[in-house]
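Working notes, structure below.
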Amino acid sequence: MQNFNDLPEDVVLEILSLVPSTDLTRSCRRVCSMWKDLTDSPTLWKTKCQRMGYLPKNYERYPSDWKIYYRLSSLKKNLLKNPCALEKFKHWKIEENGGDRWKIEDLPGEHGQNIHDEKVKKYFVTSYGSCMKSQIIDLKKSGYQDKLMDIVQPDIVIKDWFAPRHDCGSMYIVLVRLLSKKRETIQEFCPGPVYMEQWSDAEWKEMTHTFRDYGEGVRYIYFQHGGKDTQFWAGWYGVRVTNSSVTIEPENLLA
């Protein structure tokens with residue numbers, strides 16, 4: 001019977017590309033020096049990226065590190081839980097609950113518009129007093145080890161959708177902080193209040209920001225948003241928010 005190590009290298013790489021990444025890094029690379037070299041090979045991780053469909057169509061360049069690109073692609077997901085109110089207020093911390101308090105409504109809502117994504121069915125709506133809610137993301141619990149965050153410092157992308165009612169003015173606020181192990185602020189995104197006038201088009205708008213080159217030590221992400229109406233009408237005439245996301249992105253191969 002032929003020894004596994006006597007097989008052609010391209011055959012071995014093809015076989016290893018079928019092995020789960022955790023087994024490759026924790027077990028296979030410890031077998032022998034040959035396997036270590038193979039499991040560290042860019043060709044292996046490129047093959048795994050292709051197999052999993054992680055490469056965008058018409059990509060213009062290769063990633064600087066195929067293994068890291070695979071790792072970040074495999075981890076990518078929305079780190080905010082319950083962004084579209086499908087689980088009511090589960091996972092959200094209500095920090096301010098003014099007026100008639102936070103409420104959940106179905107899209108498009110009275111005097112409202114549908115959002116661009118047909119999968120989004122609900123939104124959170126504020127009242128005439130300040131309404132703010134938040135989540136804290138633990139990066140290590142989400143799979144992002146300290147070394148990965150400190151050395152690679154991948155882009156952290158924030159997206160949030162907000163809209164006013166057509167018949168009432170409102171105000172929207174978002175605040176995002178990158179926090180250290182001791183929950184101290186390393187970087188902050190705080191664009192200031194966005195005011196929307198009465199009789200607006202009620203269109204959904206996207207607030208977005210990308211954190212880059214933020215330095216070592218990021219262990220948590222604090223996300224907060226909310227607002228209120230600006231005419232102090234009883235009920236739920238304030239800003240509406242939904243489809244929020246925080247993602248950690250692999251390298252951009254289209255730029």
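Since the model is a prediction, treat every value here as computed from it, not as a measurement. Note that the numbering runs from 1 along the sequence shown for the chain. Keep in mind that the numbers below use all heavy atoms, side chains included, and drop hydrogens, waters and symmetry copies.
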For E96, check salt bridge (charged side-chain N to carboxylate O under 4.0 Å, His left out) against everything at least two apart and list the hits. none
What's the separation between atom CE in M196 and atom SG in C168, rounded to the nearest 0.5 Å? 10.5 Å
Sort out for me which residue in R240, E203, H166 forms a side-chain contact (heavy atoms from CB on, under 4.5 Å) with Q113. E203
Checking Y172 now: which residues fulfil ring-ring contact (aromatic ring centres under 6.0 Å, His included) with it, not counting sequence neighbours? F162
Interatomic distance, CZ@F89 vs NZ@K103, rounded to 0.5 Å, equals 10.5 Å
Flag yes if more than 12 heavy atoms outside K205 fall under 6.0 Å of its NZ atom; otherwise flag no. yes
Compare all side-chain heavy atoms of L107 with those of I115 and state whether any distance is below 4.5 angstrom. yes
Does a side-chain heavy-atom distance below 4.5 Å link W161 with W204? yes
Show me the pairs that pass salt bridge (charged side-chain N to carboxylate O under 4.0 Å, His left out) and involve residues 155-166, at least two apart or across chains. E110-R165, D155-R212, R165-D167
Residues pairing under salt bridge (charged side-chain N to carboxylate O under 4.0 Å, His left out) where one sits in residues 186-198, two or more places apart or in two chains, turn out to be R177-E188
Tell me, which pairs form a side-chain hydrogen bond (donor to acceptor under 3.5 Å, both in side chains) where one or both residues lie in residues 136-147, sequence neighbours left out? K140-D146, D146-R219
Which atom of V239 lies closest to which atom of S170, heavy atoms considered: N-CB, 3.5 Å
Checking H111 now: which residues fulfil ring-ring contact (aromatic ring centres under 6.0 Å, His included) with it, not counting sequence neighbours? none
Parallel, tilted or perpendicular: ring planes of W92 versus H225, cut at 30 and 60 degrees: parallel
What I want to check is whether the side chains of E105 and Y123 have a donor and an acceptor closer together than 3.5 Å. yes
I158 vs T208, side-chain contact (heavy atoms from CB on, under 4.5 Å): CA-CA, chis, key distance, verdict: CA-CA 5 Å; I158 313 300; T208 184; 5.9 Å; no
Determine whether a donor-acceptor pair (N or O, by modelled atom type, separation under 3.5 Å) exists between the side chain of N82 and the backbone of K88. yes
Which residues pass the ring-ring contact (aromatic ring centres under 6.0 Å, His included) test with Y54, not counting sequence neighbours? Y70
Linking directly or through intermediates, with side-chain heavy atoms under 4.5 Å: list the remaining ILVMFWY members grouped with Y220, chain and number order. I136, L175, L179, Y222
ring-ring contact (aromatic ring centres under 6.0 Å, His included) against Y62, all qualifying residues, sequence neighbours excluded: W66
Mind jotting down which residue pairs meet the salt bridge (charged side-chain N to carboxylate O under 4.0 Å, His left out) criterion with at least one end in residues 116-133? Sequence neighbours excluded, please. D106-K122
Does any donor atom in the side chain of E249 or T247 lie under 3.5 Å from an acceptor atom in the other side chain? yes
To the nearest 0.5 Å, tell me how far E251 CD sits from L254 CG. 11.0 Å
Do V157 and F211 touch side chain to side chain, with heavy atoms closer than 4.5 Å? no
Cluster partners of I173, using ILVMFWY side-chain heavy atoms under 4.5 angstrom, listed by chain and number? M132, M171, Y195
What residue pairs, at least two apart or across chains, pass salt bridge (charged side-chain N to carboxylate O under 4.0 Å, His left out) with a residue in residues 224-234? none
